[in-house]
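If you read the sequence from its start, that first residue is 1, and numbering goes on from there.
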Amino acid sequence: MNCGKAVYSRVGRVCHHDKGGPHAFSDRWTSFLKARLNCSVPGEYPFYFNEIQSTSEVTEGLYAGNRTRLVYGVFTTPVNSIGGSAICAFSMSSVLEVFQGAFKEQETINSNWLRVPTERVPKPRPGTCVNDSRTLKDTIVNFVKAHPLMDDAVQSYFAMPVITKVSFNYRFTKVAVDSQVKALDGKAYDILYVGTDDGRVLKALNTRSPDSVTDVNQVIVSDVQVLKYGQAVKDLLVVHLAGEASKLVVFADSEIRAVPLHHCDSPLAGSCAACVALQDPHCAWDATTNLCVAVPTKLHDSDAEKTLFQDILMGKHKGCGYEQEMAKPMQPAVPPEIGRGEQPDERDNEIVIELDRENQYGRTQPRANEPQGVIVTPVVYSAQTLTGALIGTCLFSLVAGFASGFWFSQRLRGTPYPEPSEQRQQLNRLTESSESPGFNNKSINLVLNVPPKNPNGKNANSSAENKPVQKVKKTYI
């Protein structure tokens with residue numbers, strides 16, 4: 001429709017035993033159908049992520065009390081637009097339902113795409129699987145050839161993207177799912193590992209998935225630079241081995257790396273508040289050892305859950321002292337002691353970690369030359385004090401500027417101007433010199449620029465008088 005080039009992401013379906021059509025259609029599918037995948041931010045004017053990059057394996061879980069099979073897909077915006085990426089989930093039941101819906105058609109190349117009326121669809125329904133596709137009627141095969149597109153689109157399962165990210169530095173490339181990880185509250189969460197085109201791996205989850213399918217609460221647990229900067233993540237794989245720690249395998253063009261599924265032992269999770277604020281089902285704060293530990297290593301002990309603190313939904317736990325902090329009177333904020341390993345309660349729920357070649361933490365290690373036990377108390381000024389200081393500074397600047405300008409003008413000025421009496425004396429001298437005897441006092445007609453005639457009829461400067469032309473001394477005042 002002359003709207004320019006556009007890319008749409010679709011899902012296709014074909015029967016396993018499709019042997020092609022009869023006679024002239026022997027090299028064509030008889031059951032191939034396709035439908036659009038709608039990954040967009042809802043609203044009056046939805047924002048679409050149209051270009052699909054990859055999908056995960058089909059995972060099965062319990063979402064808001066319903067057991068559903070989901071597939072997660074990576075979608076991005078076009079290259080020449082705002083850099084945005086999103087992860088959307090689609091249920092397999094929704095995909096199958098769309099393939100049972102209405103077809104879409106375009107009568108001519110300049111016509112709109114419209115829904116095909118039900119009475120025009122031949123029977124048996126095109127796109128269904130049969131024992132031998134070569135026995136189908138030509139009308140059915142012709143209809144499938146001309147109408148492969150479904151009218152309805154497959155909507156996102158949670159009504160919106162599970163993860164959205166706007167960045168000019170990177171885009172999502174791959175996604176892997178550690179499905180149905182149980183937290184201490186008994187709920188199961190799908191943990192997503194998202195690769196980017198600059199070598200990063202994001203760990204994220206939707207904390208509302210066990211309770212609602214119409215609401216999304218995105219949490220980015222960690223952001224790890226696994227590969228060399230600028231090297232794209234080509235694939236991800238979650239590996240669970242019996243008797244060994246689970247790993248995330250990261251594939252690139254030139255290397256394969258295996259990294260831990262969690263970073264509970266990160267220096268940034270060294271306090272109870274920081275550990276709980278991760279909102280990571282893999283991690284919990286152990287009150288007995290005062291360490292942030294991996295949850296699966298403690299579940300074998302029946303009494304272990306009583307000493308483990310975790311809160312996936314809010315990221316705060318009363319065992320970390322939040323109730324005591326809320327009961328205290330409000331006082332001016334004082335930063336924590338440097339070097340004591342304390343973290344403030346309100347912090348960003350995102351860890352940015354760089355791993356070296358041995359999968360050890362690099363940038364997040366504390367510096368060795370940091371002072372120990374130094375307390376910094378901020379100085380607070382009132383609004384009246386700041387206003388008075390600002391007005392005083394402006395007045396002082398004006399006075400200082402005027403004084404310095406006057407002083408420089410006096411220093412840089414040359415010979416002083418003569419007094420008025422001296423000016424009058426100079427004017428008198430110039431006037432007397434102009435009335436000297438050698439000066440021609442005859443009147444001159446300035447209009448004609450010709451001197452008047454004498455009474456005897458001759459010009460004042462005629463050759464009859466035979467007088468030399470006198471020099472005139474001109475004075476300019």
query: Looking at K104 and D152, does any basic side-chain N land under 4.0 Å from a carboxylate oxygen?
result: no
- prompt: Where the side chain of S397 meets the backbone of T393, is there a donor-acceptor pair that is under 3.5 Å apart?
  reply: yes
query: Do you see a donor-acceptor pair shorter than 3.5 Å between the side chains of S9 and E51?
result: no
query: So, do F75 and I87 sit near enough that their side-chain heavy atoms are less than 4.5 Å apart?
result: no
query: Hey, do the aromatic rings of F47 and F49 have their centres closer than 6.0 Å?
result: yes
statement: Closest heavy-atom pair, I312 versus A183, reported as atoms and distance to 0.1 Å, is CG1-CB, 3.8 Å
message: If you apply the rule disulfide (SG to SG under 2.5 Å), what do you find for C275 with C292, and how did you get there?
response: CA-CA 6 Å; C275 181; C292 191; 2.0 Å; yes
message: Taking atom CG as the centre, does L398 end up with more than 12 heavy-atom neighbours from other residues, nucleotides or ligands that are less than 6.0 angstrom away?
response: yes
- request: Compute whether any side-chain donor of one residue and acceptor of the other, for N169 and R200, lie under 3.5 angstrom apart.
  value: no
query: Going by the salt bridge (Lys or Arg N to Asp or Glu O under 4.0 Å) test, which pairs reach into residues 267-285, not counting sequence neighbours?
result: K203-D280
task: State whether the side chain of S156 and the backbone N or O of M160 hold a donor-acceptor pair below 3.5 Å, judged by distance alone.
output: yes
Smallest separation among heavy atoms of V295 and Q310, with atom names: CG2-NE2, 3.5 Å
message: Within the 3.5 Å criterion, strictly below it, is a donor on S111 or Q106 matched to an acceptor on the partner's side chain?
response: no
field: Criterion side chain to side chain contact (heavy atoms under 4.5 Å, CB included) against V233, the qualifying member of V194, D198, V226, V250
entry: V250
- request: Look at the side chain of S179 and the backbone N and O of D190, then say whether any donor-acceptor pair between them is shorter than 3.5 Å.
  value: no
message: Name the residue from D311, N217, D215 that meets the side chain to side chain donor-acceptor pair (under 3.5 Å) definition with T207.
response: N217
Euclidean distance, I220 CD1 relative to I163 CD1, rounded to 0.5 Å: 5.0 Å
- prompt: Is a side-chain N or O of S85 found less than 3.5 angstrom from the main chain of F172, in a donor-acceptor match?
  reply: yes
Exercise: do Y157 and T68 side chains pair donor with acceptor under 3.5 Å: yes
message: For T164, give me all partners under side-chain hydrogen bond (donor to acceptor under 3.5 Å, both in side chains), at least two apart in sequence or on another chain.
response: none
More than 12 heavy atoms of other groups within 6.0 Å of E60 CD: yes
query: Side chains of K187 and D211: does their closest heavy-atom pair fall under 4.5 Å?
result: yes
field: Side chain S56, main chain V177, donor-acceptor under 3.5 Å
entry: no
message: Could you measure the distance from the CG atom of L261 to the SG atom of C283? Nearest 0.5 Å is fine.
response: 10.5 Å
- prompt: Is the closest side-chain donor-acceptor distance between S222 and H263 under 3.5 Å?
  reply: no
query: Checking side chain to side chain contact (heavy atoms under 4.5 Å, CB included) for the pair H282/D178: CA distance, chi angles, key distance, verdict?
result: CA-CA 11 Å; H282 285 145; D178 191 5; 3.3 Å; yes
- request: In plain terms, say whether D197 and R171 are close enough for a salt bridge, that is, a side-chain N and a carboxylate O under 4.0 Å apart.
  value: no
